[in-house]
Number of protein chains: 2
Amino acid sequence: MMQNLTPHAITRKSLHQELVDRLQPLIISGELIPGTKVPEKMLCTRFGVSRTPLREALKVLASDGLVRLEPNRGAWVTSVTVGEVEEVFPVLGALEALSGELACKCVTSDETDAVRKLHAQMIKSYETRDLDTYFAINQKIHRAILLAARNDTLTTSCQALSLRMQRARYLANMTEGRWYAAVQEHENILKFLIDKDGKSLARTLLDHMDAKRASVIQWLEMQNEPSEPV
Amino acid sequence: MMQNLTPHAITRKSLHQELVDRLQPLIISGELIPGTKVPEKMLCTRFGVSRTPLREALKVLASDGLVRLEPNRGAWVTSVTVGEVEEVFPVLGALEALSGELACKCVTSDETDAVRKLHAQMIKSYETRDLDTYFAINQKIHRAILLAARNDTLTTSCQALSLRMQRARYLANMTEGRWYAAVQEHENILKFLIDKDGKSLARTLLDHMDAKRASVIQWLEMQNEPSEPV
DNA sequence: AATCTTAATTTTGAATTCAAAATTATGTCA
DNA sequence: TGACATAATTTTGAATTCAAAATTAAGATT
């Protein structure tokens with residue numbers, strides 16, 4: 001078999017970047033528990049690195065809001081609060097709306113086809129009530145639109161804020177009614193993208209995000225009744 | 001005189017954060033020259049710190065796009081490129097538009113009064129063609145609106161992107177015609193804020209940002225004719 | 001037994017050290 | 001002289017070390 005001559009380009013990643021990329025999933029998956037201290041020693045052992053690059057990675061994660069650094073008291077895994085959700089979703093909404101508008105200006109037919117396919121898959125997973133798959137494809141659709149907008153700055157900003165909202169599985173929680181509505185919204189999202197109707201797509205993405213915000217808030221408030229978050 | 005009993009709260013800043021705050025101005029003022037290598041050794045001496053916290057700060061600055069880390073080749077001061085401006089300004093526009101909309105929902109009379117005063121000062125500096133002062137007050141107005149929106153996430157996101165655009169003195173360059181137009185736009189910004197007309201304020205801030213983008217691009221392309229940026 | 005002190009231990013923050021990579025300087029040969 | 005190879009030096013990345021701060025444990029006092 002032929003060998004790939006450009007194995008991974010010249011993508012030597014620095015150790016701290018590698019650690020950022022490895023720690024993010026640990027945080028958003030909830031393996032590192034919100035409100036607890038980041039186990040520096042354990043992570044050093046686990047990844048086979050010294051404290052220096054790990055601590056560099058924690059500084060970066062802190063600037064993204066995934067951990068909080070307390071002077072002389074170490075790094076703590078942040079948890080999603082109602083206040084944070086109320087703040088982040090409107091910003092994310094504005095950015096996604098922009099992504100829709102920009103995407104309509106320069107999206108290719110290959111890209112719309114890809115979204116169309118993703119959409120069909122997503123509908124299928126809605127029909128079988130496979131929430132995990134639905135959620136994964138949903139993310140891919142939003143990301144595909146984002147990439148179609150061809151604006152790295154926008155992609156990076158959205159990505160950072162999305163990550164903060166993806167911690168634990170808050171977003172994957174939906175009532176039957178909300179799920180149905182979300183699917184309807186996605187029908188429109190697909191339609192407006194195909195029609196290259198930027199204004200309508202932007203409006204729909206914004207409303208979609210606001211509905212998501214409301215749904216997440218509702219879930220969070222239900223969760224928080226027993227005990228307060230850290 | 002009475003002593004302030006909450007002197008600075010418990011705001012012990014970590015060394016790396018202090019360094020981030022000190023390095024940012026060096027980069028946006030152009031003291032650290034775009035396209036050149038960040039003089040690690042010199043900065044360690046200057047700030048009297050070892051390489052460890054300085055390098056931590058550089059990782060954070062890199063994630064904000066103010067420096068670029070090249071594996072085994074050190075940190076380089078990034079320069080503003082046409083492509084970057086074309087990317088960042090639309091995002092900044094969307095965020096400022098949102099700040100206008102949110103601000104109109106909850107701005108206090110004290111805050112509008114403050115903006116009114118800043119606006120008057122800014123007009124004065126326009127009349128005397130004091131560009132530096134004009135520019136400084138201009139920033140304060142935008143920041144005041146941002147703060148009135150009461151959304152820390154939005155503030156942080158805007159701030160980060162603004163910083164990237166503030167490198168060197170690109171933004172302070174204006175033709176007489178553009179300057180006049182900018183002042184007119186600001187008259188409207190003030191008016192819509194006072195009227196709490198969120199939609200119009202958002203629209204005006206968006207257009208304002210787009211005009212600024214065009215002006216910066218024009219200036220950049222003029223600059224770049226002699227030699228290419230790094 | 002409960003609270004306060006003080007001592008031991010651990011953790012944190014940052015300087016130092018050290019190996020690997022990159023850069024510069026030196027020498028060789030056409 | 002100029003192109004190339006090799007050695008010396010510098011710079012970088014990351015582990016280690018060390019002092020200061022925080023936490024925990026132990027002991028004293030009521």
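What you see below is based on every heavy atom in this structure, not just the backbone, and it leaves out hydrogens, waters and symmetry mates. A, B, ... follow the sequence lines: proteins, then strands. Residue 1 opens every chain. Since we're looking at a predicted model, the values are computed, not measured.
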Between the base of C:dA15 and the side chain of B:Thr52, is there any donor-acceptor pair under 3.5 Å?
yes
Minimum-distance nucleotide to A:Ser50 side chain [options: C:dA15, D:dG13, D:dA14]
D:dA14
What is the distance from CG of A:Leu58 to P of C:dT12, rounded to the nearest Å?
10 Å
To the nearest angstrom, how far is B:Leu43 atom CG from D:dT12 atom P?
11 Å
How many Å lie between CZ on A:Arg73 and P on C:dG13, as a whole number?
10 Å
With respect to the side chain of A:Lys41, which nucleotide from D:dA22, C:dT11, C:dA15 is positioned closest?
C:dT11
Any side-chain donor near an acceptor of the partner, A:Arg55 and B:Thr52, under 3.5 Å:
no
Rounded to whole Å, please give me the gap between CH2 in B:Trp76 and C1' in C:dT23.
11 Å
Candidate nucleotides C:dA14, C:dT23, D:dA15, ranked by approach to the side chain of A:Val49 - the nearest
D:dA15
Take atom CG of A:Asn72 and atom P of D:dA20, then tell me their distance rounded to the nearest Å.
13 Å
Of B:Tyr134, B:Phe135, B:Trp219, which meets side-chain contact (heavy atoms from CB on, under 4.5 Å) against B:Met174?
B:Tyr134
Look at the side-chain N and O atoms of B:Lys37 and state whether any lies under 4.0 Å from the OP1 or OP2 oxygen of D:dT11.
no
C:dG13 P sits how many Å from B:Lys13 NZ, rounded?
16 Å
Are A:Gln159 and A:Arg143 linked by a side-chain donor-acceptor pair shorter than 3.5 Å?
yes
Would B:Lys212 and B:Glu96 pass as an ion pair if we require N to O under 4.0 Å?
no
For B:Gln218, look at atom CD and say whether over 12 heavy atoms of other residues, nucleotides or ligands are found less than 6.0 Å away.
no
Less than 4.0 angstrom between a side-chain N/O of B:Arg51 and OP1 or OP2 of D:dT11, yes or no?
no
What is the separation between atom CG on A:Leu15 and atom P on C:dA21, rounded to the nearest whole Å?
14 Å
C:dA15 C1' sits how many Å from B:Glu56 CD, rounded?
12 Å
Looking at C:dT12, I'd like to know if its phosphate oxygens (OP1 or OP2) sit under 4.0 Å from a side-chain N or O belonging to A:Arg55.
no
